[in-house]
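Atoms within a ligand are numbered from 1 in the order they appear, just like the ligands themselves.
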Amino acid sequence: MPHTQKISAAITAVGGYVPETKLTNFDLEKMVETNDEWIRTRTGIEERRILKEPGKASSDLAVPVIQQICEKRGISPEEIECIICATVTPDMVFPATANIIADKAGAKHAWGFDLEAACSGFLFGLTTGASLIESRRYKKVVVIGVDKMSAIVDYSDRQTCIIFGDGAGGVLLEPNTEGYGVLDSILRSDGSGRDYLHMKAGGSLRPPTAETVANKEHYIYQEGQAVFKFAVKGMADVSAELLERNKLTGDDIAWLVPHQANKRIIDATANRMGLSHDKVMLNIQRYGNTTAATIPLCLWEWRHQLNKGDNIVLAAFGGGFTWGATLVKWAY
Ligand code: UT7
């Protein structure tokens, strides 16, 4: 490729995976003081998937994603040059889950790293991966969003256990000279948001002890209402800003691919962008909030409805706080 030609990072394949076991609202009714009606009307969720088998971790959710991507593009895992894994539920604190995925999937020549941006992880990874492609140093970068949230959910806490599920999704990025792919991104973070959404122990601040375990400090802590308010504003603001600076309106957008945390947050974002609701990907009812996996899982489920040239906006808000919106022109 001549060096003067502009390179963008096109998504050339998508993969997704959810475990088989379903945890329905009715199952949760038997575990905590809640009910199906409350969960459906307050969040939009009906059921989620849980990785139950002992000895299975986030990497095991991600390996089928790599396999699907390779099959779709007709390549061997050995051709993948880099794997970026966005997750808050790594197999282990270290080494990086990206390395474990590469090993299990046979991506022998890939280097990789984990990226932690909670629910915005896939978007942060996508922009990072796109930059590697745009730098012209790499031609095949895989970005995975995966979380086994069931590993860090307290199933006696009705505020959080109703929301989260397990899953994985990912994309292959390759260079494109025709203007398809990741075109623009607005990414933000604000560490002061850590007060509202975090895990108290297990890090260097509070290493694990018998006391931290007894106090249930290794689970998700969330002040739902506060996060909700920041999320509604954050996700809608960046999505609107992204449209404006690219001189686009809702009419120019084929799909909004929002992080699936709460249907009410998604509706607010779509309304702010002037998008009709039939252009919004929504699978929260079946998978709940799979953190870094929600956006690529949507792309995977809708892959047959996406057409070459479609403008799509990916948008997220999550722990950190982190948030952002990315504009993609679908490449195939
Ligand atoms: O993806 C990462 C970012 N996270 C998010 O974006 C999550 C944002 N937050 C949310 O989605 C919502 O805040 C929740 C779904 C977590 C909670 O919904 P909410 O509408 O904010 O409920 P709330 O906390 O204001 O609680 C309303 C009422 C309370 O009862 P009272 O005080 O009004 O009598 C709660 O005790 O609902 C009660 N409640 C429940 N009732 C049945 C809270 N959780 C439940 C429950 N089942 N699971």
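Taking atom 10 (C) of ligand 1 as the reference point, the nearest protein heavy-atom neighbour is Asn262 ND2, 3.6 Å. The single protein non-hydrogen atom nearest to atom 21 (O) of ligand 1 is Gln225 CG, 3.6 Å, given as residue, atom name and distance. Distance from atom 43 (C) of ligand 1 to its nearest protein heavy atom, with residue and atom name: Trp38 CZ2, 3.6 Å. At the shortest separation from atom 38 (C) of ligand 1 among protein heavy atoms lies Arg158 NH2, 3.7 Å. Scanning the protein for heavy atoms near atom 5 (C) of ligand 1, the closest one is Val227 CG1, 3.6 Å. Ranking protein heavy atoms by distance to atom 15 (C) of ligand 1, first place goes to Thr43 CG2, 3.5 Å. Here the protein heavy atom with the shortest distance to atom 9 (N) of ligand 1 is Gly224 O, 3.0 Å. The shortest contact between atom 19 (P) of ligand 1 and any protein heavy atom is with Arg264 NH2, 3.8 Å.
A salt bridge links Asp237 to Arg272: one of the charged nitrogens lies within less than 4.0 Å of a carboxylate oxygen.
Under the 3.5 Å distance criterion, with hydrogens and angles disregarded, no donor-acceptor pair is assigned to the side chains of Asp154 and His218. Side-chain contact check for Gln68 and Trp300: at least one donor-acceptor pair (N or O, by modelled atom type) lies under 3.5 Å. With hydrogens and angles left out, the side-chain atoms of Lys329 and Ser8 include no donor and acceptor closer than 3.5 Å.
Exactly one residue among Glu81, Glu174, His109, Glu79 makes a side chain to side chain donor-acceptor pair (under 3.5 Å) with Lys140. That residue is Glu174. The one candidate from Leu256, Thr269, Asp251 that meets the side-chain contact (heavy atoms from CB on, under 4.5 Å) condition with Leu275 is Leu256.
Hydrophobic clustering of Ile, Leu, Val, Met, Phe, Trp and Tyr side chains at less than 4.5 Å, counting indirect connections, unites Ile253 with Val238.
Note on ligand 1: Cys119 sits in its first shell, one or more heavy atoms being nearer than 4.0 Å. For the pair Leu28 and ligand 1, no heavy-atom separation below 4.0 Å is found.
Near Ile162, meaning under 4.0 Å from any of its heavy atoms, are these atoms of ligand 1: 48 (N). Numbered from 1 in the order shown, with element, the atoms of ligand 1 that lie under 4.0 Å from a heavy atom of Ile265 read 6 (O). The Arg42 neighbourhood of ligand 1 comprises atoms 20 (O), with distances under 4.0 Å to a heavy atom of that residue. Per-residue contacts place Ala261 under 4.0 angstrom from the following atoms of ligand 1 (heavy atoms of the residue considered): 1 (O), 5 (C), 6 (O). Heavy-atom contacts of Ile163 reach the following atoms of ligand 1: 16 (C) (cutoff under 4.0 Å).
For the pair Tyr17 and Val146, the minimum side-chain heavy-atom distance is 4.5 Å or more.
In this structure, atom 33 (O) of ligand 1 is not in close contact with the protein, since no protein heavy atom lies within 4.0 Å of it. Under the 4.0 Å distance rule, the nearest protein heavy atom to atom 30 (O) of ligand 1 falls outside the cut-off.
By the criterion of a heavy-atom distance under 4.0 Å, the side chain of Asn289, and not its backbone, is placed next to ligand 1.
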(request) For the pair Thr290 and Asp147, evaluate side-chain hydrogen bond (donor to acceptor under 3.5 Å, both in side chains) and give the outcome as yes or no after the intermediate values. (result) CA-CA 6 Å; Thr290 55; Asp147 272 300; over 6 Å; no
(message) Ser59 vs Lys104, test: side-chain hydrogen bond (donor to acceptor under 3.5 Å, both in side chains). Steps then yes/no.
(response) CA-CA 8 Å; Ser59 63; Lys104 288 183 177 175; 2.9 Å; yes
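Relative ring orientation between Tyr196 and Phe230 is described as tilted, the plane-to-plane angle lying within the 30° to 60° band.
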